[in-house]
Amino acid sequence: MRTNQPKTIHLSEYKVPAYLVDTVDLRFELFDEGARVHSTLSVRRNPESAEGSAPLALDGDSLKLERVAVNGDDLAVGDYEETGGQLIIAKVPAQFELAIVTWVEPQNNTRLEGLYKSSGMFCTQCEAEGFRCITYFPDRPDVMARYRTRIEADKSACPVLLSNGNDVEKGDLDNGRHFVTWEDPFPKPSYLFALVAGDLVEKQDTFKTCSGRDIDLRIYVEPRNATKCDHAMDSLKLAMRWDEDTYGREYDLDIFMIVAVDDFNMGAMENKGLNIFNSSCVLATQQTATDLAFQRIESIVAHEYFHNWSGNRVTCRDWFQLSLKEGFTVFRDSTFSADVGSPTVKRIENVTLLRTAQFAEDAGPMAHPVRPASYMEITNFYTLTIYEKGAEVVRMIHTLLGPDLFRKGSDLYFERHDGQAVTTDDFVKAMEDASGRDLTQFRLWYEQAGTPVLKVSDAYDAEQNIYRLTIQQSIPDTPGQTDKKPQHIPFALGLLGANGEALPLCFEPGQDARNAPTERVLELTEASHTFEFHGVAQAPVPSLLRHFSAPVRVAYPWTREQLVFLMSHDPDGFNRWDAGQRLAVDVIQSQVGSSDATDIEPRLVEAYRALLNDTGVDQALVAKMLQLPSEAYLIELADSPDVAAIHRTREQVLHHLATSLREELVACYHRNSGGGTYELTSESIARRSLKNNALAWLLMTNDETGRDLALAQLRDADNMTDRMGALRALVNSDYAAERSQALADFYDQFQDDPQVVEQWFSVQSSSDRAGQLPQIHALLTHPAFDWKNPNKIRSVVGVFAGQNLAAFHNPDGSGYAFLADQVYRLDDSNPQIAARLVSPLTRWKKFAPAYSSLMRTALERIRDKPGLSDDLYEVVYKSLEG
Ligand code: TRP
Ligand code: ZN
């Protein structure tokens, strides 16, 4: 068991850097046995620092120091100190040249931060603190420098040598080696540094910017993936155009590169001019990727590209400001996806993620504000709160200001801060100054953790035709934060009349209803507000928090009647979906503990029947509405959830729906199958989604027609969405023989494609039929499984613990013990992944006692591991103590 605690870093202790670096000159000698890194820095004292003659302290991690010299003079051992992850030089001049040589071993780097090898190729990951695994450096984002990078390697093993910026020189060296030199003219923080060296092929294209410059676009992949880049390239060009049209932002270098690597801790990385991607977030063909994967690739390519302005040109002062770049960039990429696809569907997907996972995070032991006040290990703070809630916060600013003032604000932000490392407060200030709006109270969204709860009640006064709506807000306590202040919340609403008509919203008695809007954004700033709507001739049905105008929970005593009404009448598509979800949640919750399926709410069945029959409405919305709330969401909503009971009940309701709607499902299947060539339009995506949903439901009831349709679809499909849809439906059915056969055939066919094999793992790990523990163990010893590859680990261990909830929460505790075992073993090779994987255990306090004590035991075993990493320490300790 570990006795010393990792250091806690506090925002309140921020100090400007004592030294600045103007230029970084790097020379990498890459060999099979390791890499020698020569770094030459021009360093000067920071005039703004109070610590005039402080020692120079550089960060370093797992480095072998070979040389350190100041102004050309080698330092003797007594002139510097290597201690606690730092290189400290006590006496340095006010301005000097610092030369450092380090030796690192990328081939043994399993943490995948710094310089490492993936499928034989050298690559880097420097965010957040990986650059210090390459060389000693003031590794903090407010030190921005211009980089020049020379890479030397064996020409046949590494014909392609890439780094940030433009290539300025190349040539051959002795012994079959060669070099390329890259120069990046834009000052950048060290976390945006990147290097790639390997045997890669490129897909090339060009983009003409709005000012007429031609940009050279390249996607580099291993030769076997050469045919899988088209979609990413199309997405990139779409994103570049969109950023010009929407934000007036043009790309700034002459070349933009993307590289796909198989071993990667996260989705992708926005390194200046050289984005590095997890293969699964860039490679796709119709035959190998599902619609979901195509959409994910489109949004991640856009996300990383958008960072070029929101993150790179204007970066973060310190890591507490992470949401400055991530929240804003997620907001930008989700607006982009909405614009190029179906806005309602995109909003539904965002909100589903937020309500299922971010709300859970905000209610758990790791809850933190969008701008955290402290951390131990920054990689633990790449969270849904920073990304998704952070994006919602920016979205609320957009709602409060309106599109034109928001654009003015973003222009001012870029104009003021181009080339700087700034804070979330600088962002809000630019929005304030450009719009004239006071966002003082709004800033609490960055400071207070926890999901606000809005308790809504209403009363209709038939005599005076007044409808009164009372909204009370409260914010639950979170670790270290109590007694929170009310926040500034934009609350969009409408009122519906008995026939579904949108009623005018008049705040004043006698106001002319013809000019009154039918949707308004109320601004909540106090603990309680009552709004009066005049001239309301009948008791209305309120449509609350339209398009999810704020990341809050709404509690209102809807009747099932009202929900059914909103499902078919609300002019806001998002709220139609939301009403359907609320109805389904209510039905499932009231059914938990009952074994009698005959009393399942008939209005739910009829509402779904109406949806299945209504071919006139947006089929993309229908496809979403037909998906029942997930187990994870039902668990999130419950106090002391009994997971087994929730699982059983949800299945029971699903089974009841599928049985009652059998004919409609078969008709829906046929109506949406066939239909010509594969397209990626929202209409075709909706058709495939409807068809595959219908198939999954049919197979829930052991329907033979369903089984035959699935088998035929698996055989004949011309795309992975349909193939995977059929496979998933079979795997989750009781047709055990067909399931095994289908899984075996599928593997035979696709075993050479890692991205498909990952999906094949996931489909099993997420299934309560195919993913019980003995089967999961078998997957871990499968030849395609690889303990060094995060994608494989996530697709088996992560998916099991995050999606196969009944098996993970097996009342005997075996699922928890299993996860603890895997986390324990991974902590030595890849602590970042271990700390992310442990997350399902951290919410132990939420569960019914029989579950929570077993979860706690599993966590304690991890806590007591000798040599526990800082990453895992923080998560495990905070969740045991918080
Ligand atoms: N900045 C990246 C993004 O959101 C995130 C990222 C990629 C990352 N790789 C990482 C964060 C490794 C921490 C560690 O686009
Ligand atoms: Zn990002």
Side-chain angles (χ1 to χ4, degrees), residues 19 21 23-43 56-69 80 82 84-87 98-118 121-141 143-153 158 161-165 179-184 187-198 259 261 263-266 269-276 319 378-379 830-832:
Y19 292 87
V21 180
T23 60
V24 179
D25 203 303
L26 297 168
R27 181 158 78 92
F28 285 82
E29 297 180 85
L30 304 177
F31 307 102
D32 288 341
E33 326 75 71
R36 180 162 291 111
V37 185
H38 308 253
S39 161
T40 309
L41 313 176
S42 59
V43 186
L56 175 73
L58 304 175
D59 306 297
D61 184 349
S62 319
L63 298 173
K64 187 162 164 255
L65 182 64
E66 293 190 342
R67 177 183 180 229
V68 49
Y80 62 89
E82 275 184 280
Q86 291 201 309
L87 174 68
L98 180 68
I100 293 172
V101 180
T102 51
W103 175 258
V104 295
E105 295 186 349
Q107 73 281 10
N108 299 324
N109 179 351
T110 57
R111 286 159 56 188
L112 314 185
E113 54 179 333
L115 179 64
Y116 66 95
K117 273 188 138 174
S118 175
M121 131 186 32
F122 292 90
C123 60
T124 55
Q125 172 55 39
C126 293
E127 187 174 7
E129 299 178 334
F131 194 69
R132 64 185 65 184
C133 307
I134 296 175
T135 181
Y136 283 103
F137 195 79
D139 193 12
R140 43 185 290 171
V143 173
M144 297 173 82
R146 277 192 309 278
Y147 285 66
R148 185 184 165 94
T149 306
R150 172 177 157 121
I151 311 166
E152 303 175 5
C158 297
L161 306 174
L162 309 174
S163 190
N164 317 89
F179 77 95
V180 180
T181 303
W182 293 81
E183 213 170 67
D184 182 358
K188 64 167 174 285
S190 50
Y191 81 85
L192 291 174
F193 171 78
L195 170 156
V196 169
V259 181
V261 306
D263 305 287
F264 202 73
N265 280 347
M266 308 273 271
M269 180 62 212
E270 70 266 24
N271 316 301
K272 183 78 188 188
L274 179 57
N275 290 358
I276 298 184
W319 292 118
I378 186 58
T379 42
N830 190 331
Q832 280 186 23

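When reading the values below, keep in mind they use all heavy atoms of this one structure, side chains included, and skip hydrogens, waters and symmetry mates.
- The shortest distance between side-chain heavy atoms of E127 and E270 falls below 4.5 Å.
- Shown here are the side-chain contact (heavy atoms from CB on, under 4.5 Å) partners of P138, two or more places apart in sequence or in another chain: V21, L58, V143.
- Under the side-chain contact (heavy atoms from CB on, under 4.5 Å) criterion, T102 pairs with V37, L63, L65, I100, T135, Y136, sequence neighbours left out.
- Using a 4.5 Å heavy-atom cutoff, the side chains of L56 and L98 are in contact.
- Side-chain N or O atoms of T149 include none that pairs as donor or acceptor with a backbone N or O of L26 at under 3.5 Å.
- Residues that satisfy the ring-ring contact (aromatic ring centres under 6.0 Å, His included) test with Y191, not counting sequence neighbours, are W319.
- None of E105, E113, R111 except one satisfies the side-chain hydrogen bond (donor to acceptor under 3.5 Å, both in side chains) rule with S62; the exception is R111.
- Of all heavy-atom pairs spanning L115 and N109, the tightest one is O-ND2, 3.0 Å.
- F31 and R36 get closest at one heavy-atom pair: CE1-NH1, 4.4 Å.
- With a 4.5 Å cut-off on side-chain heavy atoms, N830 and T110 do not count as touching.
- Summarising the geometry, atom CG belonging to D184 is positioned 6.5 Å from atom NZ belonging to K272; distances are rounded to the nearest 0.5 Å.
- At a threshold of 4.5 Å between non-hydrogen side-chain atoms, the residues Q125 and N265 do not count as touching.
- Counting only heavy atoms from C-beta outward, the side chains of L274 and W182 never approach each other to under 4.5 Å.
- Proximity of M121 to V196: side-chain heavy atoms (C-beta onward) are separated by under 4.5 Å at one or more points.
- M269 is not listed as a side-chain neighbour of N275, based on a closest heavy-atom distance of 4.5 Å or more.
- Taking the side-chain contact (heavy atoms from CB on, under 4.5 Å) definition, one finds that E183 meets it with R148, V168, sequence neighbours left out.
- Counting all heavy atoms, side chain and backbone alike, S163 lies closest to A194 at OG-O, 2.7 Å.
- Atom CG of L112 sits about 11.0 Å away from atom SG of C133, to the nearest 0.5 Å.
- Residues meeting the side-chain contact (heavy atoms from CB on, under 4.5 Å) test with A153, sequence neighbours left out: L30, C158, L161.
- No side-chain N or O of N271 forms a donor-acceptor pair with one of N164 less than 3.5 Å apart.
- Taken to the nearest 0.5 Å, the CH2 atom of W103 stands 7.0 Å off from the CD atom of E66.
- Among all heavy-atom pairs drawn from F122 and P106, the shortest one is CE2-CG, 3.7 Å.
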> Hey, mind stepping through D32 and K117 against side chain to side chain contact (heavy atoms under 4.5 Å, CB included) and telling me if it holds?
Replying inline: CA-CA 10 Å; D32 288 341; K117 273 188 138 174; 4.1 Å; yes
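- Distance check, rounded to the nearest 0.5 Å: SG of C126 to CZ of F137 gives 10.5 Å.
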>> Go through it in stages, so that I can follow the logic: the residues are I151 and V180, the test is side chain to side chain contact (heavy atoms under 4.5 Å, CB included), and I'd like the CA-CA distance, side-chain angles, deciding distance and then a yes or no.
In response: CA-CA 6 Å; I151 311 166; V180 180; 5.5 Å; no
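- With hydrogens and angles disregarded, no donor-acceptor distance shorter than 3.5 Å links the side chain of D139 to the backbone of D59.
- Checked against salt bridge (Lys or Arg N to Asp or Glu O under 4.0 Å), D263 has no partners two or more places apart in sequence or in another chain.
- For R146, the CZ atom counts as loosely surrounded, since its 6.0 Å shell holds 12 or fewer non-hydrogen atoms of other residues, nucleotides or ligands.
- The CG atom of L192 lies 8.5 Å from the OH atom of Y147; values are rounded to the nearest 0.5 Å.
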>> V261 vs Y116, test: side chain to side chain contact (heavy atoms under 4.5 Å, CB included). Steps then yes/no.
In response: CA-CA 11 Å; V261 306; Y116 66 95; 4.2 Å; yes
